[in-house]
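Here is the naming used below: chain letters follow the sequence lines, and residue numbers restart at 1 for every chain. Hydrogens, waters and symmetry mates are skipped; everything else that's a heavy atom, side chains included, is used. Just so it is clear, the model here is predicted, and its values are computed rather than measured.
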There are 4 protein chains.
Amino acid sequence: MIRVGVIGTGMIGQDHIRRMTTVLAGVRVAAVTDVNAAVAAEVGGRIGATVHPTGEEVVNDPQVDAVLVCSWGPTHEQYVLAAIAAGKPVFCEKPLATTQEACLRIVEAEAAYGSRLVQVGYMRRYDEAYRALKAVVDSGDLGAPLLMHCAHRNASVPSSYEKEMAITDTAVHEIDMVRWMFGAEITAVRVLVPRRSRNGGPLQDPLFMILEMAGGALVDVEISVNIRYGYDIRGEVVGEDGTAALGEPSPVVVRRSGQASTPVPVDWRERFLRAYDIELQEWVDAIAGGGQPTGPSAWDGYAASVVSDAGVEALRSGERVEVALADRPKLYAPEVAA
Amino acid sequence: MIRVGVIGTGMIGQDHIRRMTTVLAGVRVAAVTDVNAAVAAEVGGRIGATVHPTGEEVVNDPQVDAVLVCSWGPTHEQYVLAAIAAGKPVFCEKPLATTQEACLRIVEAEAAYGSRLVQVGYMRRYDEAYRALKAVVDSGDLGAPLLMHCAHRNASVPSSYEKEMAITDTAVHEIDMVRWMFGAEITAVRVLVPRRSRNGGPLQDPLFMILEMAGGALVDVEISVNIRYGYDIRGEVVGEDGTAALGEPSPVVVRRSGQASTPVPVDWRERFLRAYDIELQEWVDAIAGGGQPTGPSAWDGYAASVVSDAGVEALRSGERVEVALADRPKLYAPEVAA
Amino acid sequence: MIRVGVIGTGMIGQDHIRRMTTVLAGVRVAAVTDVNAAVAAEVGGRIGATVHPTGEEVVNDPQVDAVLVCSWGPTHEQYVLAAIAAGKPVFCEKPLATTQEACLRIVEAEAAYGSRLVQVGYMRRYDEAYRALKAVVDSGDLGAPLLMHCAHRNASVPSSYEKEMAITDTAVHEIDMVRWMFGAEITAVRVLVPRRSRNGGPLQDPLFMILEMAGGALVDVEISVNIRYGYDIRGEVVGEDGTAALGEPSPVVVRRSGQASTPVPVDWRERFLRAYDIELQEWVDAIAGGGQPTGPSAWDGYAASVVSDAGVEALRSGERVEVALADRPKLYAPEVAA
Amino acid sequence: MIRVGVIGTGMIGQDHIRRMTTVLAGVRVAAVTDVNAAVAAEVGGRIGATVHPTGEEVVNDPQVDAVLVCSWGPTHEQYVLAAIAAGKPVFCEKPLATTQEACLRIVEAEAAYGSRLVQVGYMRRYDEAYRALKAVVDSGDLGAPLLMHCAHRNASVPSSYEKEMAITDTAVHEIDMVRWMFGAEITAVRVLVPRRSRNGGPLQDPLFMILEMAGGALVDVEISVNIRYGYDIRGEVVGEDGTAALGEPSPVVVRRSGQASTPVPVDWRERFLRAYDIELQEWVDAIAGGGQPTGPSAWDGYAASVVSDAGVEALRSGERVEVALADRPKLYAPEVAA
C-alpha cells in the first residue's frame with residue numbers, strides 16, 4: 001500500500017484524492033496540505049490523513065512514500081525539488097514548472113540524483129484510443145510516419161482563459177502527445193491565425209499550429225476552444241503505406257428524427273476520465289516495489305515547456321520559431337529518440 | 001434507340017417517363033396510354049409520344065420496341081400477356097400480377113414462348129449497397145451464408161395502407177431480395193406479432209417475419225412502417241466465418257449540438273433513386289441488341305407472389321406456413337438455384 | 001476496507017482475486033478455499049489470505065465481511081445459502097445454482113432473511129455500451145420499446161462445449177440483459193435452427209432464439225459460437241419513434257491495403273474486462289457501509305434459470321415454450337416490473 | 001438532343017464519348033477529331049460521327065451544337081477560343097489552358113462575347129458527398145466557416161508524374177473545390193515539405209499545402225500520391241459552432257478475420273465515376289434550351305491556374321506566396337464572392 005502525500009487540495013487535488021481513495025488499488029492518502037489551511041483540514045479530516053502546514057513537511061513526513069503535487073503552478077518547482085532532495089517519487093500535475101528554466105533545474109536535480117523520481121501529469125499517453133493508435137504506428141504497418149493531423153476542440157473556455165493559454169494550457173497536451181507518438185523531439189513551431197470565431201470574444205480562436213519533428217515529420221493541430229458542440233479530440237497519423245486515426249468513442253448509436261447519431265463528450269472529464277485513473281494506477285504500480293515511474297518524465301515536462309514557449313513566440317511573431325533544447329542527460333536517453 | 005410504350009401514366013409511370021426522357025441513354029418513349037385518357041394525352045403531348053386508347057394498342061404499335069407496364073395492378077396480367085403474345089420485351093412494375101395464379105399464367109406463357117421477355121420491377125437488385133453485399137457473399141469470403149438479419153423501416157405510411165400490405169407491398173421487396181441474395185427459394189414463412197406501436201393506428205405495426213430458405217438458411221425481417229425517424233433499410237448476412245452488412249449511406253457527417261450525426265433518408269425515393277435509374281438503364285441495354293432481360297424474371301414475380309400469400313396466411317394464422325411452388329420451367333433454371 | 005472470502009480459486013476465482021488485489025479500491029481478500037487445497041494454499045499464500053479447508057469456514061470466518069462464490073456450479077447453492085444463514089453479502093458467479101429449484105430455494109431463503117444479500121455475476125449490466133443503450137431506452141426518446149435485435153458471437157468454443165450450452169452458458173447473458181433492458185419478465189421462448197456451420201463440428205451452431213417479453217415486446221438473438229472473426233456482441237432496441245444500438249468499440253481506425261478497418265475484440269475478456277471491474281467495484285461500494293447490493297438479484301438468477309430451462313426445452317422440441325415463474329417475493333418487487 | 005463535337009479522342013475523350021453515348025440522356029456525339037487521325041477515324045466510325053481533320057472544323061461543323069475539348073493541354077486555348085468565336089458552348093477538360101495568361105485571354109474573350117459559353121471540368125462540385133457538405137456549410141448551421149482540413153491521397157502515380165504535378169495536377173482539384181465551398185478567392189499559398197515517403201522515389205511526397213481564403217478562413221491540404229492503400233479524398237469544414245465532413249463511401253461493412261472493414265476506392269475513376277456523369281448531364285441540361293452553363297467557369301479555370309502557379313512558387317521557395325488575380329469581369333460576378 002503506497003502512502004501518498006498530496007500538496008494542494010483544490011479541485012484537481014481533491015479529484016486525485018477521490019481517485020486514490022475510491023477507485024485505485026494499492027494506494028492511500030496519508031498526508032495533505034494546502035495554501036488554504038481550512039480546506040486542507042477539511043479534506044484531510046474526511047479521509048483520515050495527516051494535515052501539514054507546508055508542502056515540505058508533507059514531503060518529509062516519514063509516513064509518506066510518494067508525493068502528488070497539485071498546487072498552484074508557480075509552486076511546483078519547489079515541491080518537486082524537495083521530493084527529489086528527499087529521494088521520494090513525485091507525481092506533478094502539468095506543468096512541471098512555469099518556466100523552462102525551472103523545468104531544467106528539476107531535470108538537472110533529478111539527473112544528479114541518478115534515477116527517475118519525477119512523473120508529469122500528461123494523461124493522454126494513458127488513453128485507450130491514443131495507445132491503440134501508437135500501437136499501430138509502432139507496429140510498422142503504416143511504414144514510417146510522415147504526418148499527423150490533430151484537432152483539439154473545447155465546447156467553451158472560462159472567461160479567465162487568456163490568449164496564450166491556447167498554446168500553454170491546451171496545445172501543450174498535443175505537444176507532449178506527439179513527442180511520445182513519434183518518439184522524437186519537436187524542432188520548430190508555426191502558429192497560423194484563421195478567421196476569428198464570434199464565440200471566442202476577444203480571444204484569437206481558433207489557431208492552427210504546425211510542429212516539425214526531428215526526422216522530418218510534420219504535425220498540424222487545430223485548436224478550437226469555443227466550438228460549442230462538445231469536447232472533441234482527433235488525431236490521424238499518416239504513414240508511407242496507410243493511416244491510423246483515433247476512433248470515435250461511441251457507446252451507442254441513436255436513430256431518431258432523421259439522424260443516426262452518436263453523442264460527443266461534453267468536456268475533458270468525460271473524455272479522459274479513464275485515462276486519469278490508469279495514469280495514476282500505473283504510477284502507483286510502478287513505484288510500488290521501489291521502481292521508477294514509467295510515465296512522462298521531467299525531461300518530457302521540460303521539453304513541453306520549451307516547445308510551448310516557442311509556440312507562444314510563434315503566435316506573437318507570426319514566424320516559424322525553432323526549438324532549442326538543452327543537452328539531454330543520459331538518464332532520459334531511452335525515453336524519446338531525437 | 002429503344003422505343004418504349006408506356007401503359008399507365010400515373011405517378012410511377014410519369015416518373016419512369018421522366019427517367020427515360022431526361023436521365024437514361026439509348027431509350028425514348030414512343031407511345032403512352034392510360035385509363036384516364038386526358039392524363040395520357042397531356043403526358044404524351046408533352047414528350048411527343050403517340051397516345052393510344054388501350055394498352056393492347058400500345059403493345060401492338062409497330063413504333064414500339066418494348067413495353068413498360070405501370071398501370072393498376074389488376075390489369076398487369078393482360079398487358080404482360082399481350083406483350084408476350086406480340087413477342088416484345090415487357091418491363092412490369094411490381095407486382096407481376098395480383099394473384100399467384102395470374103403470375104403462373106404469365107410464367108407458362110413466357111415458357112411457351114421459349115425465351116425471356118418479362119422483367120419485374122424489383123429494384124433492390126440494382127442498389128449499389130445490396131450489390132456490394134451480394135458480391136461479398138458470392139465471393140465465399142464468409143463461408144456459407146447461414147442467416148440474414150433485415151429491417152425495413154418507413155417513417156410513415158398513408159392512411160390507405162392496410163394491414164396485409166406490410167407483407168404484400170412492403171416485405172415483398174425483402175422476399176425478392178433474399179431469394180436473389182441466397183440464390184435459393186423460400187420454403188416457409190412465419191410472422192410474429194410484437195407489441196403494437198402507437199404510431200400505427202389500427203395497423204399491426206411492427207411485424208417480425210422469419211423466412212426459411214432452401215438449404216436451411218434463416219432470414220428475419222423487421223417490418224416497421226411508422227417509425228417516424230426516416231426510411232431505413234438494413235441487412236446483414238451471417239456466414240460461417242464472418243458477416244457482411246449494408247453500409248450506412250452517409251455522404252456527410254455533422255458534428256453539432258453534442259452529436260456526431262449522419263442524415264437518414266426521408267423516403268424510398270431518396271434511398272433508391274439511383275437503383276431505379278440503373279434498373280431501367282440495364283433493362284434498356286439488355287434488350288437493345290435483341291437480347292433477353294437479365295433482371296427479376298416472371299418466375300421471380302411468381303415466387304414473390306406465392307411467398308407473399310404464404311406470409312399473409314402466416315400473419316392471419318400465427319402459424320408457420322410452407323411455400324408450395326409450381327415446377328419451375330427450364331427457361332428459368334439458371335436464375336435461382338433451389 | 002471490505003474483507004472478502006473467496007470460495008473457489010480456479011480461473012475465475014483467481015481473476016477476481018487479482019482484480020480485488022490490484023485493480024479495485026476499498027477491498028481485500030481475507031480468506032480463500034478451493035476443492036483443490038494445494039491451489040488454495042498457493043493462492044492464499046501469495047496474497048496473505050487465510051486458507052480454509054471448506055467454503056462454510058470461509059463464510060463463517062469473523063475476518064470475512066462478504067463472500068465471493070466462484071466454485072463449481074453444483075456447489076453454488078450450498079455456499080450462497082450458508083452466506084445467507086450467516087447474514088453476509090455474497091456475490092455468486094453465474095449461474096446462481098444449477099437448477100431452477102435450487103435457485104428458488106435461495107430466493108426463498110433470502111426473502112425469509114428479509115433484505116438483499118445475494119448478487120449474481122451478470123456483468124453486462126455494467127458495460128458502458130449497454131448502460132448507454134439502456135439510458136436512451138429509459139429516457140423515452142424512442143417511445144415504447146417494441147423489439148430488440150441481438151447477436152452473440154464467439155470466435156470459437158472449446159471442445160467441451162455441448163449443444164445446450166448455447167442456451168445455458170451463452171444465451172443466458174442475453175436473457176438476463178433483456179430482462180434488465182426492458183424491465184420486464186420473459187414469458188415465452190422459441191429456438192429456431194438454421195443451416196449448420198461447418199466450423200461447429202457436431203454442434204447445432206448457429207441458433208436463433210426468440211424471446212417474448214411481458215408487455216409484448218419481442219427479442220431475437222443470434223447465437224453463433226464458432227464464427228472465427230472475433231467476439232462480437234450486438235444489440236439494437238427498436239422503439240416506436242426510433243432505435244438505439246450498441247456502438248462499435250473502436251479505439252482506432254486503420255486505413256491500409258484497400259480497407260478502412262477497426263479491430264474486433266478477440267474474446268469476452270477483452271470485450272467485457274471493464275464491465276467485470278465495475279461490477280465488482282460497485283458491489284464493494286454498495287455493501288461497504290452495510291448496504292444491500294444493487295446488481296442482479298437472486299430473483300434475477302432464478303428467472304434466468306427458468307428461462308434458460310425453457311430455452312433448452314424449446315431447442316429440443318422445436319416448439320414455443322412458455323415461461324412459468326414462481327410468485328415473486330416482495331423483496332424483489334421494485335427490481336423488475338413484469 | 002444536343003449534338004456534341006469532341007476534340008481529342010484519347011483516354012478521357014473516349015470515356016466522355018462512352019458516357020454521352022451509353023449513360024446520358026439528351027445528347028449524342030456528332031463529330032470528332034484527334035491529332036491521331038487513325039484513332040479519330042476508328043472512334044468516329046464506331047459511333048457514326050463525322051470525323052474532321054482539325055478541331056476548328058469540329059467547332060464550325062453546323063451539325064455540332066456544342067464542343068467538348070479533351071485534347072492535349074497546350075491546345076485547349078485555341079479550341080476554346082474558336083468555340084467562343086463561333087458562339088458555341090464549350091466544355092473544356094481541366095486545365096482550361098496551360099498558362100494563366102492563356103486562361104485570362106479566354107476569360108477576356110468570353111467577357112467580350114457577353115455571356116457564358118465555357119465550362120471547365122472540375123467534377124468535384126458534382127460529387128454527392130461534396131454537395132452534401134456544401135449544403136451544410138451554406139445552411140449556416142455551423143456558423144461561419146473558419147477552417148477546412150483536406151486530404152488527397154492516391155495509391156500511386158505513374159512514373160511520368162513530376163514533382164510539380166502534385167500542385168498543378170492533383171491539388172488543383174482541391175483549389176477549385178475550396179473556392180466553391182467557401183464562395184471566396186484564395187489569397188495566399190504555403191507548401192510545407194514533410195519527411196519523404198520511400199514509395200515516392202524521387203518525388204517530394206507527401207506535401208502539405210495551406211491556403212488562405214479571402215475572409216480569413218484557412219485550408220490545409222495533405223497531398224499524398226503514393227500511399228498504397230487506395231484513393232481517399234477527405235474534407236472537413238470547421239465552423240464556429242460545429243463541423244461537417246465528407247462521409248465514408250461504404251456500401252458494405254465486412255466483419256472477417258478480426259476486423260470490421262469497409263473497402264476504400266481503388267482510384268479516382270471508382271470514387272468520382274458518378275460525379276463525371278452528373279457533371280456532363282447537368283452541362284447538357286443547362287445548354288439544351290440555349291441556356292448558359294452553370295458549372296465551373298472560365299474565371300474559375302483562370303483562378304485555379306493562378307493559385308496553382310502560386311503553389312508551385314511556394315513549393316520552390318518555401319515561402320508564403322500571395323495570389324494576384326486580374327480584375328474579375330462582371331460576367332462572373334455572382335459566381336464567387338471574394
Requested in this report: Mind checking ring-ring contact (aromatic ring centres under 6.0 Å, His included) for A/Phe272 and listing every partner two or more places apart, or none if nothing turns up?
Outcome: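 Partners of A/Phe272 by the ring-ring contact (aromatic ring centres under 6.0 Å, His included) criterion come out as none, since no residue qualifies.
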When only pairs under 4.5 Å are counted, which of [options] shares the most heavy-atom pairs with chain A?
options	result
D/Met213, D/Arg153, D/Arg228	D/Arg153
D/Asn199, D/Asn226, D/Asp205	D/Asn199
D/Gly216, D/Ser224, D/Gly239	D/Gly216

**Report entry** Donor-acceptor pair, side chain of A/Glu185 and main chain of A/Thr187, under 3.5 angstrom
**Finding:** no
Query raised in the report: Does A/Tyr122 use its side chain to pair, donor to acceptor, with the backbone of A/Pro95 at less than 3.5 Å?
Result: no
Part of [X] within contact of chain D (heavy atom distance under 4.5 Å):
X	result
A/Arg196	backbone
A/Ile210	side chain
A/Glu212	neither
A/Arg234	side chain
A/Asp241	both
A/Leu146	both

Once you measure the plane-to-plane angle for [X] and [Y], does it fall in the parallel (<30°), tilted (30-60°) or perpendicular (>60°) bin?
X	Y	result
D/His149	A/Phe208	parallel
D/Trp180	D/Tyr130	perpendicular
D/Tyr231	D/His152	perpendicular

**Report entry** Salt bridge flag under 4.0 Å for residues A/Arg124 and A/Asp176
**Finding:** no
Query - Test: A/Asp127 and A/Arg271 ion pair at under 4.0 Å - result: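 Looking at A/Arg271 together with A/Asp127, the answer is yes, because their closest N to O distance falls below 4.0 Å.
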Any [X] side-chain heavy atom under 4.5 Å of [Y] side chain:
X	Y	value
D/Val219	D/Val221	yes
D/Leu315	D/Leu207	yes
A/Met209	A/Val189	yes

Report task. Check the surroundings of atom CD in A/Glu162: do more than 12 heavy atoms from other residues, nucleotides or ligands lie under 6.0 Å from it? Result ->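 No, not enclosed.
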**Report entry** Residue part contacting chain A, namely of D/Arg190, when any heavy atom lies under 4.5 Å
**Finding:**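 Answer is side chain: those atoms of D/Arg190 sit under 4.5 Å from chain A.
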Query raised in the report: Which bit of D/Asp232 is near chain A, if near means a heavy-atom gap under 4.5 Å: side chain, backbone, both or neither?
Result: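 Interface part for D/Asp232: neither.
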**Report entry** Top contributor to chain D interface from A/Asp220, A/Val193, A/Leu147, A/Ile227 [non-hydrogen pairs under 4.5 Å]
**Finding:** A/Ile227
Query - Neighbourhood of chain A inside residues 258-269 of chain D, taking heavy atoms under 4.5 Å as contact - result: none
